[in-house]
Amino acid sequence: MDKKLLTPGPLTTSYSTKEAMLHDWGSRDKEFINLNHSIRKSLVKLIDGEDNYQCVPMQGSGTFAVESMISSLTPKNSEILILINGAYGHRMKKICNYLNRNSIDYTVEEDKIHDLKKIENIIDTNKNLTHILAVYCETTSGILNPIKDIADLAVKKNLSLLIDAMSAFGALPLSSKKIKFDALAASSNKCLEGVPGVGFVLVENSVIKNAQGNCHSLSLDLYDQWHSMELNKQWRFTPPTHVLAAFHQALKEHEREGGIEGRYKRYSNNCKIICEGMKDIGFKQLLPDELQAPIIITFMQPSNFDFDKFYDALSQKNFLIYPGKLTVAETFRIGCIGNLNHKDMNDTVFAIKEVLTELQMNIKYI
Ligand SMILES: *Cc1c(COP(=O)(O)O)cnc(C)c1O
């Protein structure tokens, strides 16, 4: 029995998704070409983008897709505003530095969202800005950023918005009919419950068509990847065939569950069980409910808490949680995404109670 992954990814996947990898595909064969086409189509459909958006898959982990998006969709003379409230915002800043893109950032604490008025102020005083980079769910804390408000502001100020939607995509709503953005990046192995190895960028038609020559890198060039896939329906370089086959199956299961709405419902229920169970035990949650996305939950470490011992004991009971990533406080995280249901969540809470008793750990905060 595999351990349950209560993490932000890679995640627990269904048996049928794993089983889909038990074949070998010719990457230039019709069957694989159809499978690839179907994945791209399904992903565009998830943002209601059938007429206006293109899906460009990219080999690698999610960061490869984010780096490909930024490097390919921002011209070299861009002026970029990065909204940071966690590690993934900082990572986009780092990518911009690697790429020598001009950027400024507006950073707030990891348990806070950005002040919309202040964003507007920054835009008004930096007249040359061309792009905004934002994270939808900042997985560092699990905070839900107000992506619609940010998108509306970008429209008002005539700026391009690029979204890191990695940990939200497939579970939180993101219709391109309601939220305007130039592009978003996400991956196979978070809320879509595929296996890791491929990311994708959903990009507005005219934006990708005008993206030739921006990217410094051949392998990360989103325009080139898109252009040649449009020409001959094939990947430029070896595609992760098995990962894509699993992704295809995972997307079918996503649809069967009721799409984004269905998944949101299950994850919200998972989240509720963990939050209430942990509260009963005496743990303190970092975020107030209205900022908590049903993706991953951050808990404050009690005083004299030995996280490593706690982690190892839970792992022996087949539950893997995640260390904290906050700079402001000692924390740990429990994910509620992946192929896990209410029973798994109740089992997790039960196992945590057992572990605390076995280790004779008392939950106390000073
Ligand atoms: C997981 C994640 C990424 C990508 O991380 P990888 O380890 O490269 O897959 C990027 N942004 C956010 C918000 C994430 O949650």
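All of these numbers come straight from a predicted model, not from anything done at the bench. Atoms within a ligand are numbered from 1 in the order they appear, just like the ligands themselves.
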Review point. Hey, are the side chains of N36 and P239 touching, using non-hydrogen atoms and a 4.5 Å cut-off?
Key: no
Check your understanding: By side-chain hydrogen bond (donor to acceptor under 3.5 Å, both in side chains), which residues pair with E255, not counting sequence neighbours?
Key -> none
Exercise for review: Step through it carefully: locate the ring centre of F332, locate the ring centre of Y311, and say whether they are under 6.0 Å apart.
Suggested key: no
Revision key, fill the gap. Chain-and-number sorted residues having a heavy-atom contact under 4.0 Å with ligand 1 are S61, G62, T63, Y88, R91, V135, C137, T139, D164, M166, S167, K190
Point to revise | By salt bridge (charged side-chain N to carboxylate O under 4.0 Å, His left out) - contacts of D115 (at least two apart) | key: none
Identify each donor-acceptor pair in which a side-chain atom of residues 160-174 lies under 3.5 Å from a protein atom, sequence neighbours left out, and give them as a table.
{"unit_1": "S160", "atom_1": "OG", "unit_2": "D182", "atom_2": "OD2", "d": "2.9"}
{"unit_1": "D164", "atom_1": "OD1", "unit_2": "M166", "atom_2": "N", "d": "3.0"}
{"unit_1": "S167", "atom_1": "OG", "unit_2": "C137", "atom_2": "O", "d": "3.0"}
{"unit_1": "S167", "atom_1": "OG", "unit_2": "T139", "atom_2": "OG1", "d": "2.9"}

Check your understanding: Can you check whether Y322 and F307 have ring centres sitting under 6.0 Å from each other?
Key -> no
